[in-house]
There are 2 protein chains.
Amino acid sequence: MPKQPTFPPLAVTVDLVVLTIRADRLQALTVRRGEAPYEGEWALPGGFLRPDEDLPDAAARELREETGLPADGFHLEQLASYGAPDRDPRMRTVTVAYIALAADLPAPTAGTDAAEARWQPVDELLDGPIRLAFDHSEILRDGVERARGKLEYTPLAAAFCPPEFTISELRRVYEIVWGRTLDPRNFHRKVTRTAGFLQETADTTTRDGGRPARLYRVGTITQLHPPLLR
Amino acid sequence: MPKQPTFPPLAVTVDLVVLTIRADRLQALTVRRGEAPYEGEWALPGGFLRPDEDLPDAAARELREETGLPADGFHLEQLASYGAPDRDPRMRTVTVAYIALAADLPAPTAGTDAAEARWQPVDELLDGPIRLAFDHSEILRDGVERARGKLEYTPLAAAFCPPEFTISELRRVYEIVWGRTLDPRNFHRKVTRTAGFLQETADTTTRDGGRPARLYRVGTITQLHPPLLR
DNA sequence: GCAAAAGTGTTGGGAGTACACCCATGA
DNA sequence: TCATGGGTGTACTCCCAACACTTTTGC
């Protein structure tokens with residue numbers, strides 16, 4: 001590392017791609033900006049890294065502040081960093097993006113400092129007329145692609161489900177995130193055969209209609225062998 | 001994003017996990033630090049982000065400076081960011097780590113500002129007595145794991161090979177990075193069957209001994225379907 | 001009974017593994 | 001001629017997609 005230069009003002013922020021499944025669609029949390037630049041436009045939630053805060057702590061704090069919910073109900077992982085010199089017109093800013101996956105949340109979630117917070121379907125945000133502020137469309141696109149890929153080789157789909165869920169509910173997560181249908185019977189066998197993916201409970205439910213379905217919790221493994229291919 | 005706070009001095013750096021295969025081992029580029037902190041200890045190459053530079057540009061510039069070679073001979077991609085408040089005793093620093101993969105390079109590569117640069121086997125760096133400065137051991141570990149995973153589902157192993165290479169040479173990349181042997185005959189079929197992985201040339205070589213082997217260039221695909229599982 | 005969803009059985013094809021075998025070169 | 005690695009053929013296994021079929025509930 002060379003001698004450190006003088007410090008041109010530079011800020012580090014943390015931005016969040018918070019994903020959930022609502023109304024059978026993959027949706028992302030967006031906030032309406034209350035001030036310039038991009039005042040009144042939609043953006044991803046986020047904020048400045050504090051002086052004595054590690055990056056994961058900052059992400060968890062922002063998540064709590066924006067959703068009003070404890071961060072331990074989420075899967076939170078680092079996505080990537082973005083630092084184009086002109087990405088924020090106010091000053092030089094490097095942002096570290098995180099993705100958070102959650103089961104369907106109670107309300108449209110009011111943030112503490114954002115003017116308005118709203119879930120919006122990711123396909124509308126990415127393909128529709130809405131442009132997110134800053135480079136947040138790019139960050140959202142990368143986050144969604146990361147989530148899609150992660151479903152293949154990790155048991156992370158369960159992060160979109162309540163603590164106890166049926167195999168059909170898990171399958172619907174895959175179908176919604178990947179945008180394709182899966183054979184219910186083969187899917188059932190595949191996930192129950194993969195040791196450690198699911199932990200069977202004693203309970204069943206009929207909330208999806210039809211014959212009672214066994215309820216499962218997440219298992220212990222972190223990698224799927226073999227992966228479920230898209 | 002909240003109102004921006006006053007600026008406590010904060011720096012953004014770029015660190016590099018530069019990997020190559022030398023002497024049948026996976027090796028990483030290390031530099032000996034010429035000043036405190038960690039003076040005289042080994043570290044990953046890296047440096048400060050410049051005021052008007054995007055992150056990939058900074059990574060490419062550092063790579064050129066440290067290896068003395070044009071950055072377009074490398075595969076360069078972002079790994080992750082690290083920002084523990086105490087990771088650099090001098091000041092608050094967030095680093096964006098990149099991984100670079102390259103074919104065997106000419107010399108032990110003298111950097112411009114590092115006291116000394118040296119390739120060192122990653123297993124010695126990770127399991128041996130050497131500790132890298134800062135949190136660079138953790139970054140190296142993450143980078144190696146990323147590289148191992150990427151070989152499974154991308155054609156990136158070719159980044160460790162010269163522009164024209166034989167299937168055996170490609171296979172040896174997998175064997176060295178994964179630390180296991182692969183059946184030469186099945187490997188041959190698997191990679192030649194995957195359309196777009198390899199582009200056949202008209203030439204052959206006997207540099208590996210035995211019957212002349214066909215030389216290939218990298219193909220056009222960026223994802224392997226199906227993946228080559230570890 | 002009927003609809004709906006859960007879960008099992010079966011079958012055919014495709015991919016992976018193991019390994020026998022032949023090919024083309026250098027020494 | 002032999003050693004060395006390149007490349008093909010083949011048999012066996014296992015996984016997976018497709019789909020018929022049975023089970024268990026609500027209405």
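Numbers restart at 1 for each chain; the letters A, B, ... are given by sequence-line order, proteins then strands.
- There is a side-chain donor-acceptor pair under 3.5 Å between A:H75 and A:E77.
- Between B:S168 and D:dG6 there is a side-chain polar atom (N or O) within less than 4.0 angstrom of OP1 or OP2.
- Distance B:L229 CG to D:dC14 P: 17 Å, rounded to the nearest Å.
- Between the P atom of C:dA6 and the CZ atom of A:R207 lies a distance of 11 Å, rounded to the nearest Å.
- Looking at which nucleotide of DNA chain D each of A:R211 and A:R180 is closest to, the 5′-most match is held by A:R180.
- The side-chain hydrogen bond (donor to acceptor under 3.5 Å, both in side chains) search around B:R185 returns B:D183, not counting sequence neighbours.
- Among residues two or more places apart in sequence or in another chain, the side-chain hydrogen bond (donor to acceptor under 3.5 Å, both in side chains) test is passed with B:T166 by B:D208.
- Rounded to an integer number of Å, the gap from CZ of A:R171 to P of C:dA4 is 15 Å.
- Contacts between residues 184-203 of chain B and DNA chain D, defined by a heavy-atom separation under 4.0 Å, are made by B:R185, B:H188, B:R189.
- Atom CG in A:D208 sits about 12 Å away from atom C1' in D:dT25, given to the nearest Å.
- Rounded to whole Å, the distance from CG on A:D183 to P on D:dC15 is 18 Å.
- Spacing between atom CG of A:L182 and atom P of D:dC19 amounts to 15 Å, rounded to whole angstrom units.
- Salt-bridge annotation for B:E65 and B:R61: present, with a side-chain N of the basic residue lying under 4.0 Å from a carboxylate O of the acidic one.
- Side chain of A:T95 to main chain of A:T13: a donor-acceptor pair is present (N/O by atom type, distance under 3.5 Å, no hydrogens or angles).
- Following rounding to the nearest Å, A:E169 (CD) and C:dA4 (C1') show an atom-to-atom distance of 15 Å.
- When the P atom of C:dA5 is taken as reference, atom CG of A:L215 falls 16 Å away, rounded to whole Å.
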### Message
With salt bridge (Lys or Arg N to Asp or Glu O under 4.0 Å) as the criterion, how do A:R214 and A:E200 come out once you've worked through the C-alpha distance, each side chain's angles and the decisive distance to 0.1 Å?
### Response
CA-CA 7 Å; A:R214 172 123 351 245; A:E200 193 172 319; 3.4 Å; yes
